[in-house]
**Q** 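Right, I'll just put the structure down here and ask away after.
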Amino acid sequence: MQRINTRLLPVTIIALLLCMATFLNTALAASPPAKQIILTPGSTEIWVDGEKATLPAAPYVSDGVLMVPLRRLADELGFTVQWQKGPPQSIVVNSGNLRAEMYPGTWVVFLTGSDYRAVILPAEIQQKDGLIFVPTAFFQDAFGVPMAESKGEKGVYLLGSDNQPPTAYFDVQEPVYAGEEVKYIDKSSDGDGDAIVERQWLNKKNIFPSPGVYSVTLKVKDSRGSWSKPYVREIKVLPRPAADVPRPGEIVENIMGQAENTLKPVKADSGPRLLFSDDPEYIEKPGILYRDKLKGEGRLYFWHDVNSPGSLKVYVLAINTSPREAEINILKEGYGGPSNNVYLVARTAFTAYYHSQGQRRYTLKPGQILVLNPGAPAAVRYQVVHGIIDLKTSEEITVAFVAVPATVNVLEAYSRLGVLPRDGEHVRGTFAAADREMTIDLRGAKTGSILLADGSDDKYMAGADGITGSSVWNAGNYGMLYRLKIKSDKKTGVYLIPAGGSFGGTLIFNAGEVSVPVEGFISSPAQAVYLGTTVPEGITEMLFMSPGGSCLPVKLLFK
């Protein structure tokens with residue numbers, strides 16, 4: 001079929017119909033469809049009311065306009081599509097008493113029904129690989145179908161409903177043992193604040209009878225009818241331990257003095273720059289909490305306690321201060337709070353950070369500001385909010401941690417905010433190399449121990465305050481990710497002992513989560529939490545990040 005250029009259509013007909021549009025009433029639009037379609041440029045995968053479906057060809061962007069295959073999406077929205085013989089040939093889309101007629105190669109859609117009007121599209125209707133592609137705006141401009149860009153996922157578009165869909169997410173209390181009850185913790189949320197009214201689980205079992213790795217899926221629906229994409233989590237089910245063997249996370253008493261020697265691990269620092277915001281820790285009014293520049297890989301970490309009469313939100317902003325477009329790729333992220341249970345907040349954020357799936361990519365024009373955590377929750381007095389974000393940026397940007405009243409638009413308020421004074425008791429600053437790799441050799445040793453984040457055996461991170469330029473130390477190494485590799489020639493028990501005060505958090509031991517301890521916190525040096533057993537004649541891996549709200553250092557005992 002031939003492409004027809006607008007200039008080849010009779011000029012008088014175009015002019016007449018466009019003039020009529022200026023004085024005729026607006027045509028009746030079809031009722032907004034009940035379905036919501038989630039689609040992404042470059043992908044044939046779509047989600048229709050939470051169910052996966054496939055397009056015959058991927059949507060694409062042409063001159064800044066999103067183009068989508070017409071017939072498949074029209075079918076999902078309940079419309080009919082027909083070819084009309086020419087000359088010239090045209091495409092007719094019907095919905096109820098409204099009829100839209102258009103021609104490939106043109107920007108104009110002619111609507112007929114109870115009234116008449118012409119719609120000018122933002123791009124021409126294109127024929128590609130035997131399919132007709134239309135701007136997504138066709139459905140909205142011609143039929144009144146709501147559309148929007150997702151606030152939670154950059155480059156993802158919503159069609160059929162502009163309601164932001166909820167996000168499905170859940171944790172399980174680990175470790176999980178065969179034959180024992182699994183504790184699921186549903187942490188699904190909705191960025192618009194809508195209630196979660198329905199949940200659909202797949203392969204969820206209260207008890208898994210055999211060891212193995214099982215996939216469990218959750219989808220949720222909000223009160224306005226939008227479904228989330230499914231969240232899939234693999235649950236590692238371990239063999240049930242013998243009755244006389246402690247389970248990971250259990251507290252063991254009075255074993256601290258049993259270490260035979262202090263081990264000297266091999267250490268190397270690498271990884272992203274850390275921008276750390278914890279001063280002032282207690283936020284009494286809106287303002288800028290910390291700010292510095294970043295280019296390349298970075299880790300953004302904030303921990304703040306609201307101490308204001310009104311509710312506040314803590315946002316992380318990325319401002320492109322370079323003269324070129326900046327690509328920002330969010331690699332991992334996790335958030336905790338608001339809550340006055342600091343141990344729960346720390347566990348929630350690190351667990352979400354460790355399990356975060358997928359990436360978010362953004363392009364910022366010079367001067368553009370991006371909210372990295374648009375779903376920031378409102379916190380009231382005495383509640384803590386916490387976040388960990390790993391990202392990479394192609395150009396130098398400014399990162400700002402800011403607190404604003406819950407009802408205020410942070411993008412509008414940012415330019416008017418002042419920097420809040422430091423409290424002098426906590427830390428803010430920028431630090432290089434936020435990953436510390438440690439290799440611990442237990443071969444030939446009966447027992448041994450090491451200290452983490454004591455400032456002596458394990459040095460604190462040195463950095464600078466990006467606002468004042470003063471030198472700072474990260475006492476406790478909060479935000480640093482420890483990557484431990486433990487070499488052993490036999491099975492050796494590994495324990496964590498509080499050496500600086502109360503401690504409660506989560507770490508990863510041999511790819512499994514361990515709550516330290518299972519419930520609450522520990523504070524006595526006479527108490528130890530059992531983490532697991534090393535792999536004989538192999539390497540045991542452990543990931544540890546000092547949990548906010550806990551006291552450091554801690555001791556690792558190998559026995």
Side-chain angles (χ1 to χ4, degrees), residues 174-177 211 213 236 238-239 241-242 245-252 255-271 350-351 353-355 433-459 461 476-477 479-500 503 505-518 522 525 527-547 550 552-559:
E174 295 190 333
V176 178
Y177 294 104
V213 178
K236 185 177 181 181
L238 304 174
V245 176
R247 302 187 180 191
E250 285 189 0
I251 297 175
V252 180
I255 66 168
M256 181 176 176
Q258 298 180 17
E260 193 172 71
N261 60 311
T262 300
L263 302 171
K264 299 296 182 182
V266 177
K267 303 177 184 181
D269 289 354
S270 61
F350 181 74
T351 299
Y353 167 83
Y354 175 72
H355 287 288
D435 289 350
R436 180 163 292 174
E437 296 185 2
M438 304 176 67
T439 301
I440 304 164
D441 195 343
L442 300 179
R443 292 173 296 186
K446 293 182 179 180
T447 63
S449 66
I450 66 169
L451 282 169
L452 295 181
D454 69 324
S456 179
D457 288 348
D458 186 42
K459 300 293 185 183
M461 302 176 74
N477 285 341
M480 169 173 274
L481 183 63
Y482 285 84
R483 301 178 182 271
L484 285 76
K485 294 184 178 181
I486 307 167
K487 298 179 180 179
S488 60
D489 51 9
K490 59 183 180 297
K491 285 188 175 182
T492 302
V494 183
Y495 302 82
L496 184 145
I497 300 170
F503 182 93
T506 297
L507 53 79
I508 309 301
F509 190 89
N510 272 344
E513 287 179 41
V514 181
S515 293
V516 187
V518 173
I522 52 174
Q527 295 178 313
V529 175
Y530 175 70
L531 305 182
T533 303
T534 61
V535 178
E537 301 298 337
I539 295 178
T540 300
E541 295 187 349
M542 175 176 155
L543 295 178
F544 172 84
M545 186 178 288
S546 299
S550 290
L552 276 293
V554 294
K555 178 177 287 190
L556 293 183
L557 172 67
F558 305 94
K559 172 182 179 294

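What you are looking at is a predicted structure, and each value in this text was computed from that prediction instead of being measured.
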**Q** Which atom pair, heavy atoms only, marks the closest approach of M461 to A433?
**A** CE-O, 3.8 Å
**Q** Say you draw a straight line from CE of M545 to CG of D435; how long is it, rounded to the nearest 0.5 Å?
**A** 7.5 Å
**Q** Tell me, do L452 and M438 make a side-chain contact under 4.5 Å, heavy atoms counted?
**A** yes
**Q** Ignoring hydrogens and angles, tell me if any N or O in the side chain of T534 forms a donor-acceptor pair with the backbone of T540 under 3.5 Å.
**A** no
**Q** Would you call L238 and K236 a side-chain contact if the rule is heavy atoms closer than 4.5 Å?
**A** yes
**Q** Between G476 and A453, what is the shortest heavy-atom contact and its length?
**A** O-CB, 3.5 Å
**Q** So, taking the atom named CZ in F503 and the one named CD1 in I497, what distance separates them when rounded to the nearest 0.5 Å?
**A** 12.0 Å
**Q** Hey, are the side chains of F350 and I508 touching, using non-hydrogen atoms and a 4.5 Å cut-off?
**A** yes
**Q** For a side-chain contact (heavy atoms from CB on, under 4.5 Å) with L507, tell me which candidate from L484, L543, V516 qualifies.
**A** V516
**Q** Does T506 reach the main-chain N or O of T351 with its side chain, forming a donor-acceptor pair under 3.5 Å?
**A** no
**Q** Taking all heavy atoms of P248 and all of L531, pick out the closest pair and write down the distance.
**A** CB-O, 3.6 Å
**Q** Give, for atom CG of D457 and atom CG of L451, the distance between the pair rounded to the nearest 0.5 Å.
**A** 5.5 Å
**Q** What's the shortest heavy-atom distance between P517 and V529, and which atoms?
**A** CB-CG2, 4.0 Å
**Q** Do the side chains of Y495 and S449 get nearer than 4.5 Å, heavy atoms only?
**A** no
**Q** Less than 4.5 Å apart, side chain to side chain, heavy atoms only: is that true for P239 and Y177?
**A** no
**Q** Quick check: do L481 and R436 have side-chain heavy atoms less than 4.5 Å from each other?
**A** no
**Q** Which heavy atom of I539 sits nearest to which heavy atom of K487, and what is that distance?
**A** CG1-CG, 4.1 Å
**Q** Between atom CD1 of I440 and atom NZ of K267, what is the distance when rounded to the nearest 0.5 Å?
**A** 9.0 Å
**Q** How long is the straight-line distance from CZ of R483 back to CE of M542, given to the nearest 0.5 Å?
**A** 13.0 Å
**Q** To the closest 0.5 Å, what do you measure between CG (L556) and CG (L496)?
**A** 5.5 Å
**Q** With side-chain contact (heavy atoms from CB on, under 4.5 Å) as the test, would you mind laying out the steps for Y482 and N477 before giving the verdict?
**A** CA-CA 10 Å; Y482 285 84; N477 285 341; 2.9 Å; yes
